[in-house]
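Comments concern the structure below.
Sequence positions, counted from 1, serve as the residue numbers for this chain.
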Amino acid sequence: MIDSNVPRIGFVSLGCPKNLVDSERILTQLRIEGYDVVPSYDDADLVIVNTCGFIDSAVQESLEAVGEALSENGKVIVTGCLGAKEDQIREVHPKVLEITGPHSYEQVLEHVHRYVPRPEYNPFVNLVPEQGVKLTPKHFAYLKISEGCNHKCTFCIIPSMRGDLDSRPIGDVLSEARRLANAGVKELLVISQDTSAYGVDVKHKTGFADGMPVKTHIQALCEELGKMGVWVRLHYVYPYPHVDDLIPLMRDGKILPYLDIPLQHASPRILKLMKRPGAVDRTLERIRSWREICPEITIRSTFIVGFPGETEEDFQLLLDFIEQAELDRVGCFTYSPVEGARANELADPVPEDVKQERFERFMALQQEVSTRKLAQKVGKVVQVLIDEVDEEGAIGRSSADAPEIDGVVYLNGETDLIPGQMVQVTITHSDEYDLWGELA
């Protein structure tokens, strides 16, 4: 039964895991202050829309979500990446109450207080879990270690939205990780705009966790996280040389043997236009070295095809790289102009039909690579974290599979398992993306 005296806030969260963490922080504070969070517009005294503004399709989705909230409720606060472009939002939706940019937690709460005053008596404060309100399943959580980015990639506007690198104090990060682990989280997904740059902005100063000195550095962070008895998965790792030092931690089982490195392309000329590192031969050498040190490592990356100026020769260099690198998990996007990105000014835009044709050729090749690599796992025993169970069986993930972006492991007929359970599985079948198995 709904208590009509408790103010109710509707919430819409769009975009990437980094945005999801921002939403969780706002929701946690709302609950601490006694607000109720409701899933429908009708029951809400106010709606918050946390937007994405990275590419044009995300901008459109965000604007549509704001429009729907206005239509259904009428009282809307907008925050998130698209909030950095207030004029663009107000041009389409002038009736929005307030607009803030990303990671503006305090401002969002101030706006909520203005339109929906906080309860005088807070009956919920003791009901908020120690780890805060989470939008992910109970057994995994995103751990954001920094905001912003120091890079100036020509296709990206994130630095203009979220600012330069701003690393969280290592003591705060480790305290949050410990609370999550103590609450039953089995997997921590470490995220930021540039995970391997963690601590660069504070010159890797020494912080404190549980009274012990710890350097503000990705390697030190991983070493400490590796003591917590949970899976630790690294995302958005820019390929700095010191990333090599993380591979022994993977080999030794301290963190998952999984590395998400957004390489973006393999043509030195295109990488230069992107303002990305261009030593492709060196990248191949490092990948080979990583596999020698940790044969179980899974390497994920993302690439852009159809970038302005990309020729057939450039694209062929990318295909050659995909064949040689044999990356385990790959995402591919056709280049999309983003308002404010410097790449929009580059000459020789690639026609849409050529972009699509290259995307299809790229994915066909990567499917061959992925099919071949997954077939090698048939007959092996792997540890699997169960995500969901229905009447047909259980679905889980191995160390090679990040939630929502990678493949899964199907356990047909296993209906007695529960989400969050770790099991040993013998792999019996594979296709281009997923695995099937039986309990070992």
Side-chain angles (χ1 to χ4, degrees), residues 187 189-190 194-196 218-219 221-223 225-226 231-268 271 276-303 317-332 362-363 365-385 397-402 405-409 425-427 430-435 437:
E187 177 181 16
L189 299 110
V190 179
D194 182 0
T195 295
S196 44
I218 187 59
Q219 183 175 353
L221 175 63
C222 287
E223 288 172 351
L225 292 175
W231 279 6
V232 177
R233 189 183 302 277
L234 302 182
H235 284 286
Y236 316 120
V237 181
Y238 206 87
Y240 298 122
H242 67 258
V243 170
D244 296 351
D245 299 329
L246 302 179
I247 310 305
L249 301 180
M250 298 179 182
R251 176 198 61 201
D252 298 340
K254 294 183 178 180
I255 60 176
L256 288 184
Y258 182 99
L259 204 52
D260 176 5
I261 296 188
L263 296 172
Q264 307 300 2
H265 213 282
S267 161
L271 288 168
R276 300 283 296 183
V280 178
D281 290 344
R282 174 62 181 141
T283 300
L284 287 169
E285 290 174 13
R286 293 177 75 192
I287 290 172
R288 282 192 285 268
S289 173
W290 296 341
R291 287 174 172 154
E292 288 175 4
I293 296 169
C294 181
E296 298 302 312
I297 192 170
T298 295
I299 302 174
R300 151 168 273 282
S301 191
T302 51
F303 296 88
L317 288 173
L318 176 55
L319 295 183
D320 293 344
F321 176 85
I322 291 298
E323 257 189 314
Q324 294 175 62
E326 290 197 307
L327 303 178
D328 303 88
R329 302 296 193 188
V330 170
C332 181
F362 179 99
M363 291 308 300
L365 176 58
Q366 178 56 34
Q367 284 178 3
E368 292 177 12
V369 173
S370 180
T371 299
R372 186 166 63 246
K373 298 210 72 173
L374 288 179
Q376 296 170 3
K377 297 189 178 186
V378 174
K380 294 185 177 180
V381 176
V382 299
Q383 188 177 38
V384 171
L385 175 60
R397 293 177 290 106
S398 71
S399 66
D401 309 307
I405 58 173
D406 293 329
V408 297
V409 181
V425 174
T426 301
I427 302 302
S430 66
D431 65 11
E432 60 267 41
Y433 296 121
D434 302 315
L435 299 170

Side chain proximity check, P262 to R276, heavy atoms < 4.5 angstrom: yes
Candidate pair L365 and E323, rule side-chain contact (heavy atoms from CB on, under 4.5 Å), full reasoning: CA-CA 8 Å; L365 176 58; E323 257 189 314; 3.7 Å; yes
Note, T283 side chain near L263 side chain (heavy atom, < 4.5 Å): yes
Candidate list D434, L435, I427, test side chain to side chain contact (heavy atoms under 4.5 Å, CB included), partner L374, passing option: L435
Side-chain heavy-atom pair V237, Y258 within 4.5 angstrom cut-off: no
Side-chain donor/acceptor of R372 to backbone N/O of Q367, under 3.5 Å: no
Nearest heavy atoms of F362 and L319, plus distance in Å: CA-CD2, 3.9 Å
Residues, nucleotides or ligands: over 12 heavy atoms within 6.0 Å of E296 CD: no
Q324 (side chain) donor-acceptor with D320 (main chain) under 3.5 angstrom: yes
D406 vs R300, salt bridge (Lys or Arg N to Asp or Glu O under 4.0 Å): CA-CA, chis, key distance, verdict: CA-CA 9 Å; D406 293 329; R300 151 168 273 282; 2.8 Å; yes
H242 side chain to S196 backbone, donor-acceptor under 3.5 Å: yes
May I have the list of side-chain donor-acceptor pairs in residues 243-256 shorter than 3.5 Å, sequence neighbours left out?
{"unit_1": "D244", "atom_1": "OD1", "unit_2": "R286", "atom_2": "NE", "d": "3.1"}
{"unit_1": "D244", "atom_1": "OD1", "unit_2": "R286", "atom_2": "NH2", "d": "3.0"}
{"unit_1": "D244", "atom_1": "OD1", "unit_2": "W290", "atom_2": "NE1", "d": "2.9"}

Pair V190-V232, side-chain contact (heavy atoms from CB on, under 4.5 Å): steps then yes or no: CA-CA 7 Å; V190 179; V232 177; 4.0 Å; yes
Side chain S398, main chain V384, donor-acceptor under 3.5 Å: no
Value rounded to 0.5 Å, distance of SG in C332 from CD1 in I322: 8.0 Å
Heavy-atom check, side chain of T195 versus side chain of I218, under 4.5 Å: yes
Residue pair L189, H235: steps toward the side-chain contact (heavy atoms from CB on, under 4.5 Å) verdict: CA-CA 7 Å; L189 299 110; H235 284 286; 3.4 Å; yes
Check: V330 main-chain N/O paired with S301 side-chain donor or acceptor under 3.5 Å: no
Set of side-chain contact (heavy atoms from CB on, under 4.5 Å) partners for K373, sequence neighbours left out: R291, E326, D328, V369
Which residues share a side chain to side chain donor-acceptor pair (under 3.5 Å) with S430, sequence neighbours left out: none
Gap separating the OH atom of Y236 from the CG atom of D194, nearest 0.5 angstrom: 12.5 Å
Closest heavy-atom pair and its distance - S399, R233: O-NH1, 2.7 Å
V409 side chain near R397 side chain, heavy-atom distance below 4.5 Å: no
Donor-acceptor pair, side chain of E368 and main chain of M363, under 3.5 angstrom: no
With R329, the side chain to side chain donor-acceptor pair (under 3.5 Å) member among T302, D401, D260: D401
Beyond-backbone contact of H265 with F321, side-chain heavy atoms, under 4.5 angstrom: no
Note, P268 side chain near L317 side chain (heavy atom, < 4.5 Å): yes
Within-4.5 Å side-chain heavy-atom neighbours: L318 and S267: no
